[in-house]
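Below is one structure, written out as structure tokens; comments come after it.
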Protein chains: 2
Amino acid sequence: MSTIGGKSSRSGQRATAPRSVPKASGQVSAPAVDDRLFLQSVARAIDVLEAFAQSPKPKSLGEIATAAGVNKSAAQRIGLTLLSRGYLERADSGGLMLGRKLLDRSFDYLRSNPLIERALPVLTDLRKQAGERTDLSLFDRTTIIYATRLQSKRETFYATLAGRRIPTFTSSGGRACLALLPDPEVDEILERSERRPMTPKSITDPAKVWAKIREARRDGYACSVEESLIGEIAVGAAISDSRRRPLGAIHIAGSLSEWSVEDFRRRFAPLASEAARALSG
Amino acid sequence: MSTIGGKSSRSGQRATAPRSVPKASGQVSAPAVDDRLFLQSVARAIDVLEAFAQSPKPKSLGEIATAAGVNKSAAQRIGLTLLSRGYLERADSGGLMLGRKLLDRSFDYLRSNPLIERALPVLTDLRKQAGERTDLSLFDRTTIIYATRLQSKRETFYATLAGRRIPTFTSSGGRACLALLPDPEVDEILERSERRPMTPKSITDPAKVWAKIREARRDGYACSVEESLIGEIAVGAAISDSRRRPLGAIHIAGSLSEWSVEDFRRRFAPLASEAARALSG
DNA sequence: AAGGAAGTATCGAACTTCAATACGATCGTG
DNA sequence: CACGATCGTATTGAAGTTCGATACTTCCTT
């Protein structure tokens, strides 16, 4: 997957009306841009970086070219440029891999997001009080992104990393966010979502997801049991802005080996809801 | 700060020998690139993103242009391109701010780094055993980057975020890394480091830093007291590869309000060292 | 009402980028 | 040991993509 239009997107007709550039793929959310203001080489550099999302192993220039959908010359130019800036690094094998500089940018992002700054002390207290993993997620339409994760025990690798995305409709916090939206918008998001289940227990049938969302509207929080990880239960409560638009959610996650579904909900749902309310404006 | 050559870096002489492109600024570590394989527009797009490092607030196109050292037209093109890909977002104020997609890239990076995957369970156990904050940092010559942070109590905002950089010579883990390097290389790193103290207690005098490094060579770990944050003590032990080159370090950090320097060292230095040894190969 | 700043849009020039190609080195295999 | 396949690297002519100045509109501030 990569930019669609292949060859030359902006060629030939110079005096035409503004054409919009098609988005890469996947989630359709970012705004389109007038053709003549669109920088092809920048977009392709992004394609190269994003090519590592599928498999983040070191790649040769040829592999990069294939994965990013550019020719070898472009891979060479882009690769060397990103290398010189630290966004790619040389692997011991000689190939190119993602570079440490990427961490700097995400640090800047985290630092720039006021919600995260406000939420962190609340999350910390919550984790201490609950004794279970506590996450802050950011709502991004069809997916949510975990921005901060405070684990309490040993967790799976992916349960500890910030930046991970999960379909909104399978996650407790995501459903809590959906519960704040008007019906048509929920439908649109469900429509656009990739309906592949993360676990055998994932609820993917729109009707059943809708039932969970209505439940969340009633209760003020949402719950998911083994829908993103077998053996895990989570409750989530949405954080909203002043116009009650969802910004993200607070999650509390625990293990079914230690809790019954009912006990977990009873105990932690109020904590999550209260924390989320404190952060909403 | 941005690319140096201002106007046209690669103009005129087509048939010249390869010239290297000067690095942007700051840390000199990334390799230079042959002029003719260097993508100016990609580099400028990076400049734009990096412009938010100084102050991550939303910026107008004019502010971006100034901060990144490009003209307004370039800021417009780059800004819109990055916006269309989600690496910038529109702020409520109308300006542009960093976008959530940045988190995806750093997630890919974290996921791609085998050390991090191996270290996380070790770190988790260590945090549980120590009951104090436990960090994994990556060695990057003049600076270290915190890649994973497992807090135990309420911490300052910056002590919780991954991606943060700190001068190698002030950090416990950084000094433990330096202790593995040959003398001239240490000198070179100290030379290149920005010697601005992070706190009044920061040791910046090269001779005194060297004393700490020798101490680390003797003990197998390093210690820093209030050098990056007032009231904080930390011990760090280096993780090395098969050739004993430093890859990063394990840090254990606690509060001076709860520990004396000696007690803290005695108790946690062995834990950090053992964990680091387990991860070295 | 004037002045300023912001976002947006346009355009011709030409510099930067493009893609094909070539070269030397390495590697694994027949 | 030679062969073919890939790798990273480097070069080149062509032209398309990018450049930067400029202008327009809108919105605030003074």
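The figures that follow rest on heavy atoms only: side chains count, while hydrogens, waters and symmetry mates do not. Here is the naming used below: chain letters follow the sequence lines, and residue numbers restart at 1 for every chain.
Geometrically, Arg85(A) does not engage Tyr87(A) in a cation-pi contact, judged by NZ or CZ lying under 6.0 Å from the ring centre and within 45° of the ring axis.
For the residue pair His251(B) / Ser137(B), a side-chain donor-acceptor distance below 3.5 Å is found, with atom types taken as modelled.
Summarising the geometry, the separation between CG on Leu37(A) and P on dT8(C) is reported as 9 Å, rounded to the nearest angstrom. Counting to the nearest Å, the P atom of dC19(D) and the CG atom of Asn71(B) are 8 Å from each other. Taking atom NZ of Lys72(A) as the reference point, atom C1' of dC7(D) lies 7 Å away to the nearest angstrom. As rounded to whole Å, 12 Å separates atom C1' of dG7(C) from atom CD1 of Ile64(B). Taking atom CD of Gln76(A) as the reference point, atom C1' of dC7(D) lies 11 Å away to the nearest angstrom. Atom CD1 of Ile78(B) and atom P of dG7(C) are 15 Å apart (whole Å).
In this structure, CG in Leu88(A) is found 10.0 Å from CD1 in Ile78(A), a value given to the nearest 0.5 Å.
Within the structure, every side-chain polar atom (N or O) of Arg44(B) is placed at least 4.0 Å from both OP1 and OP2 of dT18(D). OP1 and OP2 of dT17(D) both lie 4.0 Å or more from every side-chain N or O belonging to Ser41(B).
When distances are taken from the side chain of Arg36(A) to each of dT8(C), dC11(C), dA20(C), the shortest belongs to dC11(C). Among the nucleotides dT8(C), dG20(D), dC18(C), the one closest to any side-chain atom of Gln40(A) is dC18(C). Comparing dT9(D), dC11(C), dT8(C) by their nearest atom to the side chain of Arg90(B) picks out dT8(C). Of the candidate nucleotides dT18(D), dC18(C), dT8(C), dC18(C) has the atom nearest to the side chain of Leu39(B).
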Steps toward side chain to side chain contact (heavy atoms under 4.5 Å, CB included) verdict (Phe157(B), Ile116(A)): CA-CA 9 Å; Phe157(B) 182 51; Ile116(A) 293 173; 4.2 Å; yes

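The main-chain N or O of Thr142(A) is found under 3.5 Å from a side-chain atom of Thr168(A) such that the two form a donor-acceptor pair.
With hydrogens and angles left out, the side chain of Arg77(A) and the base of dA19(C) share a donor-acceptor pair within 3.5 Å.
In terms of position on DNA chain D, the residue among Ser73(B) and Gly95(A) whose nearest nucleotide sits closer to the 5' end is Gly95(A).
Residue-level contact check: Ser60(A) touches the backbone only, with heavy atoms under 4.0 Å from sugar-phosphate atoms and none from bases.
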